[in-house]
Undergrad: 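This is the structure I want to talk about, given as structure tokens.
Just so you know, ligand 1 is whichever comes first in the structure, and atom 1 is the first atom listed for that ligand. Atom set for the values below is all heavy atoms of this structure, side chains included, hydrogens, waters and symmetry mates excluded.
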Amino acid sequence: MVSTSKAYNSFEVTQIQFDRIADILNLDAATRDLLRVPMREYHFSIPVHMDDGRVNVFRGFRIQHNDARGPCKGGIRFHPQETVDTVRALAMLMTWKCAVVDIPLGGSKGGVICDPHNLSAREQELICRGWVRQVARNVGPTIDVPAPDVMTTPQHMLWMLDEWEAIHGEKGPGFITGKPVGSGGSLGRTEATGFGLIFTLREALRELGVKVSDTLASVQGFGNVAQYAVRLYRQLGGTVIGVSSWDQVDKVSYFFRKLDGVDPDTLLKITDRFGGIDKDKARGEGYEVLPGDAWIEQEVDVLVPAALENQINGDTVPRIHQRVKVLAEGANGPTTPDADTVLRDRGMFVIPDFLGNAGGVTCSYFEQVQSNTNYYWDKDEVLGKLDLKMTSAFLAVSELARREKLFMRDAAYVIAVSRVAKACKDRGWV
Ligand code: GLU
């Protein structure tokens with residue numbers, strides 16, 4: 001029975017997923033105790049002198065879930081609905097993400113409750129600098145390395161780096177990733193998450209014996225991940241029949257559909273920097289403008305949620321069309337456990353979030369290596385290494401899934417959690 005209208009707490013969702021795997025792996029009580037909650041949390045206030053003379057106090061977080069495999073790694077989100085539990089959940093997912101692609105990093109996440117849509121560049125800069133001032137001694141190239149996430153940009157990262165370097169009195173470009181190219185950023189970082197997702201989708205379709213050029217996809221979102229995913233999937237011959245995006249004026253999302261295939265270049269010209277598509281201009285370009293949740297019920301082969309968490313849940317999962325074969329999760333935590341049960345029973349091929357969207361952090365790792373050695377690679381080298389890493393991680397997961405008859409999400413978790421549990425044990429922590 002599918003439960004409906006449940007309020008989902010992302011942290012509980014990730015804990016439920018972890019408990020399932022802890023049972024499969026028969027983990028001891030101490031390891032469970034250690035891994036089901038973050039190791040360290042920083043909660044703080046950031047006072048900002050606003051342009052109109054008032055002082056606004058913003059709430060910020062940095063949550064370090066586990067660093068047994070290396071320095072913590074994870075993005076910083078700016079979002080008006082940010083909660084501590086969302087950040088906790090995402091920090092935990094980062095630990096599994098770095099482990100499943102086998103990069104030597106732990107997991108963390110940060111956030112500030114704010115809406116950059118309503119903040120000037122100066123106010124955003126002060127939030128970035130204020131965030132770093134609060135945790136400057138608890139983050140750094142060998143401790144915890146932030147990066148962009150929802151509504152944060154390379155410019156934000158550079159302000160944060162500048163503040164960190166000012167406080168420490170030294171250059172430290174390896175402190176943060178997702179920096180602008182030319183200021184310590186890596187070529188390919190912008191494309192990395194979307195491209196990485198499509199590298200894994202390409203392998204999934206190959207395994208299912210389906211040609212990419214015979215497939216249709218429907219995408220939720222048109223931010224950084226979706227934009228590059230759509231681009232590469234099209235280059236491989238696939239057709240995206242629609243993307244959804246948030247409308248800042250109407251405060252709802254819309255699904256922009258074009259059955260013979262959306263053109264990302266046209267859409268980009270009418271998209272703001274947060275991924276919001278202008279609906280009137282889209283109509284002028286021949287797009288149907290449908291309610292935002294229509295992305296999930298399209299008659300396609302591939303669904304790509306690349307927006308926010310908890311989008312595929314008990315309420316929405318029955319609306320997925322029978323034709324859908326692959327769910328390629330670009331967002332973090334887009335599927336709730338009750339919806340997962342339905343997908344599992346249906347035999348859906350799921351590319352789970354922390355595997356599918358690991359291209360971003362994998363390229364961040366490459367950026368860190370380049371920054372720490374102060375030697376930068378060309379784009380083909382970055383994207384070639386990314387393809388190799390994503391493809392081998394995917395193959396390891398799908399091989400385990402086949403061999404042990406596991407759901408893909410469970411197989412990815414089994415690999416990730418066992419690597420982290422082993423690192424904790426090897427260090428003598430548990
Ligand atoms: N924010 C991205 C993620 O959730 C990238 C994190 C990183 O590069 O550290 O994977």
Undergrad: Any protein N/O atoms within less than 3.5 Å of an N/O atom in ligand 1? List the atom names and distances, or say none.
TA:
from     : atom 1 : to     : atom 2 : distance (Å)
ligand 1 : 1 (N)  : Pro148 : O      : 2.9
ligand 1 : 1 (N)  : Asp149 : OD2    : 2.7
ligand 1 : 4 (O)  : Lys97  : NZ     : 3.1
ligand 1 : 4 (O)  : Lys109 : NZ     : 2.9
ligand 1 : 4 (O)  : Asp149 : OD2    : 3.3
ligand 1 : 4 (O)  : Asn332 : ND2    : 3.2
ligand 1 : 8 (O)  : Arg189 : NH2    : 3.1
ligand 1 : 8 (O)  : Ser364 : OG     : 2.5
ligand 1 : 9 (O)  : Lys73  : NZ     : 2.7
ligand 1 : 10 (O) : Lys97  : NZ     : 2.7

Undergrad: How would you list, by chain and number, every residue that makes a side chain to side chain donor-acceptor pair (under 3.5 Å) with Glu191, sequence neighbours excluded?
TA: Lys379
Undergrad: Could you tell me how the ring of Phe394 sits relative to the ring of Phe349: parallel (under 30°), tilted (30 to 60°) or perpendicular (over 60°)?
TA: parallel
Undergrad: Would Arg36 count as a cation-pi partner of Phe18, with NZ or CZ less than 6.0 Å from the six-membered ring centre and within 45° of the ring normal?
TA: no
Undergrad: So, are Arg129 and Glu165 salt-bridged, with charged N and O less than 4.0 Å apart?
TA: no
Undergrad: Under 4.0 Å between a side-chain nitrogen and a carboxylate oxygen: does that hold for Asp250 and Lys279?
TA: yes
Undergrad: Under 6.0 Å from the ring centre and within 45 degrees of the ring axis: does the NZ or CZ of Lys385 meet both conditions for the six-membered ring of Trp377?
TA: yes
